[in-house]
Amino acid sequence: MTFHRFVALGDSFTEGVGDPDPTRPNGLRGWADRVAEVLAARTDDFGYANLAIRGRKLDGIIAEQVEPAIALRPDLVTVYAGANDILRPQVDLDALAERYDAALGRLADTGARLLVFTAFDPGHSAIYRPLRGRFALYTEHVRWAADRHGATVVDFWRIHDYRDWRYWDADRMHMGPLGHQRMAIAVLDALEVPHDLSVEDLPEAALPGRRDAWAQNAAWARECLAPWIHRRLTGRSSGDSVSARRPALAPLHLPAD
């Protein structure tokens with residue numbers, strides 16, 4: 001299948017946080033760029049926009065990204081939204097699902113191919129395991145809305161590779177480069193687009209002793225968790241000073257070009 005106008009919506013997951021590339025807008029690559037690279041090679045008139053901004057909750061994504069996406073007249077739209085809501089102390093998942101469903105309906109009305117993602121399964125993570133029920137309920141809401149609007153689903157919940165922390169960034173919140181590559185493969189496979197992407201061999205797993213593990217966890221709590229909590233308490237977001245890195249459809253000019 002060939003797509004000509006790909007628009008990606010969402011938060012840090014889609015912006016590409018965790019997959020650094022200083023040659024690209026916002027210094028990021030991410031799974032969406034990787035998918036766009038494959039799609040661009042299949043046609044001479046390909047355009048790609050990435051409206052995602054880190055830290056955005058569902059309502060922010062709907063308010064800031066849905067109408068601009070529709071105006072771009074895409075033939076492929078991807079949406080990942082809701083994770084930042086799930087992580088808040090209080091969230092009404094049923095109300096969240098209603099707003100998510102309405103947004104998908106507006107996007108589906110464009111006639112574009114619509115692709116969405118479930119949440120990942122945090123059952124393997126001591127950090128996120130207490131929220132597993134929320135993630136599971138959100139995932140079922142996503143599947144229900146996708147069925148209603150004929151959307152393709154990338155079932156993040158069932159990709160067990162992500163139980164391995166080597167697919168994640170050091171902040172333990174975002175996918176790392178290998179995780180973004182693995183997600184690009186999942187997206188292309190779901191779209192039934194031929195590709196030759198593969199995941200590189202994983203680095204050898206480190207098995208730190210108890211003292212080293214404690215030191216690593218303490219460093220993570222100090223450098224990653226504490227700033228995240230501080231932003232929540234002060235009503236700030238990591239995306240407050242960030243703009244969409246590809247706000248308009250444009251050809252994908254790779255650094256090697």
Between F117 and F13, ring centroids under 6.0 Å: yes

Less than 4.5 Å apart, any side-chain heavy atom of [X] and any of [Y]?
| X | Y | answer |
| --- | --- | --- |
| R88 | D85 | no |
| L51 | E64 | no |
| L39 | Y48 | no |
| L191 | F3 | yes |
| L28 | R54 | yes |
| D161 | V199 | no |

Over 12 foreign heavy atoms within 6.0 Å of CG, D45: yes

Residue from D19, L188, V187, I185 passing side-chain contact (heavy atoms from CB on, under 4.5 Å) with W31: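 Passing option: V187.
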
For the pair [X] (side chain) and [Y] (backbone), establish whether a donor and an acceptor sit closer than 3.5 Å, ignoring hydrogens and angles.
| X | Y | value |
| --- | --- | --- |
| D169 | D171 | yes |
| R29 | P20 | no |
| R5 | R73 | yes |
| Q181 | L197 | no |
| R134 | I86 | yes |
| N84 | R56 | yes |
| H180 | V17 | yes |
| W157 | A136 | no |
| T139 | A119 | yes |

query: Is a side-chain donor-acceptor pair under 3.5 Å present for H160 with D121?
result: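 There is no such pair (donor and acceptor under 3.5 Å, judged by atom type) between the side chains of D121 and H160.
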
Roughly how far apart are [X] [atom1] and [Y] [atom2], rounded to 0.5 Å?
| X | Y | atom1 | atom2 | answer |
| --- | --- | --- | --- | --- |
| F120 | F135 | CZ | CZ | 5.0 Å |
| Y138 | L58 | OH | CG | 7.5 Å |
| E37 | L252 | CD | CG | 5.5 Å |
| T118 | H141 | OG1 | NE2 | 13.5 Å |
| R182 | F156 | CZ | CZ | 10.0 Å |
| R246 | E15 | CZ | CD | 13.0 Å |

Answer yes when [X] and [Y] have at least one side-chain N-carboxylate O distance shorter than 4.0 Å, and no when they do not.
| X | Y | value |
| --- | --- | --- |
| R166 | D164 | yes |
| R245 | D33 | yes |
| R113 | E192 | no |

- prompt: Would you say M183 and Y80 are hydrophobically clustered, going by side-chain heavy atoms of ILVMFWY under 4.5 Å?
  reply: yes

- line: Of all heavy-atom pairs linking N50 and A32, the shortest is ND2-CB, 3.7 Å

query: Per the salt bridge (charged side-chain N to carboxylate O under 4.0 Å, His left out) rule, which among R106, R148, R143 passes with D101?
result: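 Among the candidates, only R148 passes.
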
